[in-house]
Each structure stands twice: as structure tokens, then as C-alpha cells.
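All values reported here derive from a predicted model rather than from experimental measurement. Labels below follow one simple rule: chain letters A, B, ... track the order of the sequence lines, proteins then strands, and each chain is numbered from 1.
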There are 4 protein chains.
Amino acid sequence: MNKREVKSSVKDENLIEKRREQMIRGAVKLFKEKGFHRATTREIAKASGFSIGTLYEYIRTKEDVLYLVCDSIYNEVHDRLSALPTQEGTVEGLQVAINQYYHLIDDMSDEFLVMYQESKSLPKDALQYVLKKEMEMVALFESLLDACAKSGELRISTEQVGIAAHHIVVQGQMWAFRRWALHKSYTIEDYIRVQTDQLFRGLIGK
Amino acid sequence: MNKREVKSSVKDENLIEKRREQMIRGAVKLFKEKGFHRATTREIAKASGFSIGTLYEYIRTKEDVLYLVCDSIYNEVHDRLSALPTQEGTVEGLQVAINQYYHLIDDMSDEFLVMYQESKSLPKDALQYVLKKEMEMVALFESLLDACAKSGELRISTEQVGIAAHHIVVQGQMWAFRRWALHKSYTIEDYIRVQTDQLFRGLIGK
Amino acid sequence: MNKREVKSSVKDENLIEKRREQMIRGAVKLFKEKGFHRATTREIAKASGFSIGTLYEYIRTKEDVLYLVCDSIYNEVHDRLSALPTQEGTVEGLQVAINQYYHLIDDMSDEFLVMYQESKSLPKDALQYVLKKEMEMVALFESLLDACAKSGELRISTEQVGIAAHHIVVQGQMWAFRRWALHKSYTIEDYIRVQTDQLFRGLIGK
Amino acid sequence: MNKREVKSSVKDENLIEKRREQMIRGAVKLFKEKGFHRATTREIAKASGFSIGTLYEYIRTKEDVLYLVCDSIYNEVHDRLSALPTQEGTVEGLQVAINQYYHLIDDMSDEFLVMYQESKSLPKDALQYVLKKEMEMVALFESLLDACAKSGELRISTEQVGIAAHHIVVQGQMWAFRRWALHKSYTIEDYIRVQTDQLFRGLIGK
DNA sequence: AATGAATGAGTTTTCATTCAT
DNA sequence: GATGAATGAAAACTCATTCAT
């Protein structure tokens, strides 16, 4: 796979896995509070439960931590969405997917926030990789929308498919980004309902 | 007004104005390239056309620069939107407002990008101020939508008004955020048309 | 000139000159005691009489300090040797040159020691530059010897000229290197006398 | 003997011998490339063919490795020179010794280079020991020269004996130090011939 | 008002050494 | 005896901020 690798000087793969999980958990917590730049590597180590020396046994640079965080988020997203039943162009299937996606963001909104605010700090190649993942996300919804268009369940032009897919993805992110404004007035269920209503009202053939 | 002040040791108000304009222009360019944290005060001074010493005659801390940038963006947004003719609950008026807003974002997408990616680095009070400005933006569209609801031009529940206003604001930001994906396929005109179509199709009373 | 430049963020050339002199003096003293690698940049700064921040206003990396030290030594050597009256192939002239050179090394033996023990730590390009300077030194004596050979004052084959020149240069360095052994038994004057005697006894035509 | 000991936590003397040989071989190679300070203990272990943990079973500190390298070089030098037939004050015998010594340096010039460039990094007591070895080297040639003086084969004053002995030793080292300059023009045989010619021309009674 | 040299706390990163397995 | 993960002191270098000129 063309997965970007983060070099570690530790050999035991299981240990790497374990330590990196600790690291990601600690880092997300920290980045959420103070952002990537304001968090020091020493703080990351501490939040992860080990020493600064140990931290550097599992990464090469501070940016690697950010990459690992972003990568793990996308992996979780991918895992949870690919567990969906295959869709055959039904609006219902699309709705299930959107539902899953929005709930996922609600569950992981800290992680999402971190990723979206900090990913620009990734080195070039890592940024590329993250953008690719994001495009896959959009593509997933495009294909679902497309299937619905083909099956006739949605009246939607090709032009609209792209934007609608972005729309779905961005509205999801909005729930994470605008927590401070939205959580006061709506539950995630409200939000999903209103969003899908609005989306479909325009798209469903009368 | 409770406008947050940035202290300057220079007395001449005109000079302050002039130097800060230089500063904002330089800073936006720089932040766009490397982000707020990676840009040094020396670089900001250089990009602004004066020395580091002079820079500090017009601000107190580096964060002041970021605040000035964010503040100036909102001021421009405010100026351009408040120039609109007063609306009396017509869809057409709403459409004009959206149009203005989206074009504004298109014109200033660099600035918007910078503001959204970096505003979390503002000190507490400045962040508060910026969020307040953002809420005003949402409120503007809320009032426009509300007027339309009251006049009967839009079938829209009170619950929907809040989310629709956020929706409009976020879709505008999306044009700036997702330039890399959207500019390939759409012009700003396409984008506005598709967005407003989608928005209104669901909302306009039959 | 193809002199390798060390970048400074300070603009005032006179100040650069002055600060670098302080730096070289401090660094030589320190390197003599503990060597280049064991001397920390903080110690170098302190020994130079300024703060670590100021040190880095005048250099880019620690290796720059070493380069400046080596460069300044060669410049002094060059200055002192090029002040010699032009030689026209007399043994006497050669003797004056050797005399000068050996005294020079005696005066600067600390600096020489540092340079020879640490120059391998220079980055590639700087090492190149230093070796070039060293070759010039050898070449100087080669040309003096050559002139003596041509004028008939010395019976010396072309093959011998190169080695004899190296010999002179190395014997000079030996005085610095082996201080611990030689200074007990000889003064610099003794040393010069014995060395030149030995050199010439073989070379002077009967 | 007052041989400085390097403590090992391993009991088996044969194993110690074997592992240290591996270590010296690996270390010389590494030090040649990057110098003592730039070589890490991990790299030394790797170059020696075992783990960092094992390395520390056979030494106490990194400096021990350097000491072992220097010590082994001198032992080899000692072994090869003490194999010479006992001299009875003949110039021929002296010449054989010089020949042996120079060839030895030619064979081991990497090791010599490493030793001379890095020995200053030895801890005090180890440095002392190495210098003592070096003095023995000089003393060897002093006694050979002395014998020749006594037997009348060389016209050489007591004053000259010390310097001439140093001279021989240093000229040998010069062949290692100045490889980059000398190897282009001379073979080791040329070099020995020219050096001894020059040495003896002055010293041999006509 | 403008300049830019000076400062030093704070940052990332390295690496010799230890010690449980 | 061998391994390699863990440690943290110490290193090089940065940069926001100050202040004398």
C-alpha cells in the first residue's frame, strides 16, 4: 500500500502498535486543548504516559505525531463506514450512510477538530495522503448519490452530485466545527434530521 | 463599542492606520504560506515593509497581528454586507445577500482561510470577539430568513431558520476551504447557483 | 573571491568583525581546553562575552565557529608570511621564511593545535577551503626551494622539492603538536636551528 | 604491568578477547568515517555485529572503545617493531627499523589516523597511557640513533638525537596524515627512500 | 518614530547508559 | 550472556520581545 510510513527504532511491532495508541490518545487530548504548535513534545510524551526519550523511539519528528493522529482518525472513519451494507441506489441506504457518518463525527468530534485545524502543519507528503483520504470520503457519497440518480430515486444532475457530496461531508464537519453554536440548540439527532430533510426535499422527485 | 483595542505606542492615528494596513497585507500573505505559528515576527515586519522594532511600535504581541487580521476581515465583510438595500422579506433580497456574501468570500478567500485556520490561536478575549462577529453574520441571515418566513415567501419552521442560516454561512466558507477540490469543477457563479437552487427548492412554498 | 561565507543576520559589518573576533578568541581558548565537540554553544557564547542568542546572530551553526577559527588562523599566517621580502633564490631568504613560519607557529600554537585536531569536523565545503589554504602553504615553500634549486644554491631534485616543502610545513606543525615533549628540552630557537641545520646539511651544494 | 584495564562484566576471557576484536574492527571503520564523537554507541554495536546491550557487557563507557582502539594499535606496532633483530649501532639496522616502521604505518594508516585525531578525547589516565606508548616509540629510535653515534657510524650530537628521533616518528605519521597530498606523487617506497636519504645525508660522516 | 542588536527562556531532538526479560 | 526498550540529561538552535541609539 502507499501508506506513508513513520519510522520507529523499536522492533517489536506489537509494542509499536500499543505505544502509538497511547500516543494518539494523549496527543489528541493535548492538541484539543492547546493545538499542535503550542503542545510541546515533552507534554505529548507525558500525556502519552512515557518519557521524552521513549516518545522518540516511536517517531522521528513532532510532525509524525500529527500524522499518526490524522491517519488513525481516517482509519476509524473508513472502518466504520465500510461496515455499511452495500447500497443499491436506495435513498434509505444513503440515509443510513449519512446517519453513520454524522454519528461518527459526533463521537469523534475532538479528533476531527484537531485534524482539520492542524493538518495544514503536516509535511507535504503527509498532507497529500490526508487529502487523498478526504477525497475518498467525498467519493463514497458521490457513488451513493450516483446510484440513487441512476435508480431514479433522486432527481439530481451530474453537476449537482459533486457538490451534494461535498455538502454532506462539509455539513458533517460543521457539526464538529460549530459545536459551540449548534450544541446549544440541537441534538445530533435533530441536526441529522434537519440536514437530511433539507437535502432530500430538493432532491427527491415529487 | 466593546471593540478589543490593540495598544500602540505611536500617537499619530493616521500613521497607525497606515502601518496596520501594511501589516495586515503582509501578514495575510505570510500566514497563507506558512501559517501563523511558522511565520516569525521578523518575517511579518519584513513582509510589512518595516523593521522589527517598528512592528512592535504598533502592536504589543504577535497575537495582536492575528487579531488585527481577523478584525479587518470581519470589518470588510460587515461593510460590504451592510451596504445592501434593506430587505423586506423577499426571496430576491435574500438571494442578493447570499450572492454578495459568496462573492465576498471568493474575493477574500485567502483571508478567510487564514482566519479560520488560525483564529484558535487568538487569546481568549480576542477569540470571543471574533466569534461574536461570526454570530452576527449568522444572525444577519437568520433575520433575512425570518422576514421571508413571516412574509410567507418561505415555508420554513423556526427550528430550520437557525440551521439554514448556519448552512448559508458554512457553504460560503466551504468555497474558501475546499478551493483545491471545487475550483476544478465549478466557477463561483456555478457554485452560487447550485447552492441557492438546492437551498430554495426545499424552502420555497409551492 | 571563493571565500566561503558565514551568514550573519546582523547588518553592521564593523560589528560583525568585532563580534567575530571576540568569538574566535573565546572559541580557541575553549576548544584548546575541551575540543570542539565537548564545547557547547552556550560555553562558546559565554567565553565570547555574549549570550547564546547573540552568538547565533553572527553564525548559522556551531560548525561555523570552527570554520571562522580555522579561517582566521590561515589569514594571519598568510598575512605574516606574505610580508616577507620577495626572495630570489637565496638560501638566506628561505631561512628567513622558515624562521618566520616557525615563530608564527610558536606564537599561535594553541590555534594551530585546535585547527589540526578539529578541522576534520568541518562540513565538506569548509574542509575543502582549509585544505586549499594548507596547500598554498606548501606551495609557498616549494617555490622558495625551487628558486634555490634553479639558482644553484641548493642541490635538490624536483622529486625532493615536494617532500622537502611538506617536511618544512610538517616540522613546523610538529612544534605545536609535540609541545608536551619538545618544550622540555628545547627553545623555539634551538628547534629552528636544529631543523634548518638538518635540512640544509643534506641540501647545500658543497 | 600498569596497563590500564577496561572492566567487563563477562567472565569468559576468550569471549572478551573475541568480542573486543570485533569491536575494534567495527569501531575503527566507523571512526574513520565519522570520527569518534559523531559515531554513536548504537552504531558501534551494530558495526561490531552485536546489540547495544552486549556492547556494554564488554565496556563501561564509550571512551573505553576509543581506548581499546588506541591500545590495540600500539600493541600491534610494538609487536611488529620488537620483532626486529637487535641492533648494534649500525646504520643498516637503523634503516631496517625505519623501513619497518614506515611500512607499518602504511599498512595501518586508517588506524593511525583515527588514533591521532581522536586520542585527545580519551580520559586523562588513558591519554597518559597512550602518550607513554608514544614516548616509547621515540625512545626506541633514540636508542638506535645513540648506538650509531657511539659506534661512530653517525656524526650526531646528543642534542640532535632527541629531535632526530621525533623527526623519524613524525615523518612516519606524516605519511598517514597527508595521504591526500602525498599519495598522488609518491609510493611508500619513494617516500621512505627520500626521507632516509635526507635524514642520513646530514648525519652520515662524509 | 524608526531601527536593529541583544537577550534568554523555551523548543525539538539526540544518545550514552541501564536493566528487566 | 544477549537483547533492546526505556530513560532523561544535555545539546543545538529559535524567536518573541526589549531598549539604546
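- Counting 5' to 3', DNA chain E first comes under 4.0 angstrom of a heavy atom of chain D and last does so at the ends given by E/dC15 to E/dT18.
- Between D/Ile16 and D/Arg20, some side-chain heavy-atom pair lies under the 4.5 Å cut-off.
- Between A/Phe36 and A/Leu30, every side-chain heavy-atom pair lies at or beyond the 4.5 Å cut-off.
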Please list, for nucleotides 13-15 of chain F, all pairs of protein and nucleotide N/O atoms separated by less than 3.5 Å.
| unit_1 | atom_1 | unit_2 | atom_2 | d |
| --- | --- | --- | --- | --- |
| F/dC13 | OP2 | C/Tyr56 | OH | 2.7 |
| F/dC13 | OP2 | C/Lys62 | N | 2.9 |
| F/dC13 | N4 | C/Arg42 | NH1 | 2.9 |

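- Remark: D/Leu55 pairs with D/Met23, D/Thr41, D/Ile44, D/Ala45, D/Phe50, D/Ile52, D/Ile59 by the side chain to side chain contact (heavy atoms under 4.5 Å, CB included) rule, at least two apart or across chains.
- Applying the side-chain hydrogen bond (donor to acceptor under 3.5 Å, both in side chains) test to A/Ser9 and every residue at least two apart in sequence or in another chain returns A/Glu57.
- Aromatic ring pairs are classed by plane angle as parallel below 30°, tilted from 30° to 60° and perpendicular above 60°; the pair C/Tyr129 and C/Tyr67 is tilted.
- By the side-chain hydrogen bond (donor to acceptor under 3.5 Å, both in side chains) test, B/Asn14 pairs with no residue at all, sequence neighbours left out.
- Looking at A/Lys133 and A/Ile73, their side chains never come closer than 4.5 Å, going by heavy atoms from C-beta outward.
- Using a 4.0 Å heavy-atom distance criterion, A/Ala39 is classed as a sugar-phosphate-only contact.
- Residues that satisfy the side-chain hydrogen bond (donor to acceptor under 3.5 Å, both in side chains) test with C/Tyr74, not counting sequence neighbours, are C/Glu134.
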Quiz prompt | Test salt bridge (charged side-chain N to carboxylate O under 4.0 Å, His left out) applied to B/Glu118 and A/Lys120, step by step | solution = CA-CA 11 Å; B/Glu118 309 295 357; A/Lys120 71 164 190 316; 3.7 Å; yes
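- A heavy-atom distance below 4.5 Å is not found between the side chains of D/Thr40 and D/Lys62.
- Counting heavy atoms from C-beta on, the side chains of B/Phe31 and B/Leu113 never come closer than 4.5 Å.
- Taking the side-chain hydrogen bond (donor to acceptor under 3.5 Å, both in side chains) definition, one finds that A/Arg19 meets it with A/Gln22, sequence neighbours left out.
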Quiz item: If pairs are Watson-Crick or G-U with both distances under 3.5 Å, what is the dot-bracket string of DNA chain F, marking crossing pairs with [ ] and pairs to another strand with |?
Solution: .||||||||||||||||||||
Practice problem: Under the salt bridge (charged side-chain N to carboxylate O under 4.0 Å, His left out) rule, what do C/Glu5 and C/Arg60 come out as? Steps first, then yes or no, please. | Solution: CA-CA 11 Å; C/Glu5 280 300 332; C/Arg60 277 258 186 292; over 6 Å; no
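- With sequence neighbours excluded, the residues satisfying side chain to side chain contact (heavy atoms under 4.5 Å, CB included) with C/Arg38 are C/Lys34, D/His37, D/Glu63, D/Ser121.
- Contacts between residues 27-36 of chain C and DNA chain F, defined by a heavy-atom separation under 4.0 Å, are absent.
- In this entry the distance linking OH of D/Tyr58 with C1' of F/dA2 reads 8 Å, nearest Å.
- D/Ile24 is linked by a side chain to side chain contact (heavy atoms under 4.5 Å, CB included) to D/Val28, D/Leu68, D/Val69, D/Ser72, counting only residues two or more places apart in sequence or in another chain.
- Annotation: proximity of residues 8-17 of chain A to DNA chain F (heavy atom, distance under 4.0 Å) is found for A/Ser9, A/Val10, A/Lys11, A/Asp12, A/Leu15, numbered in ascending order.
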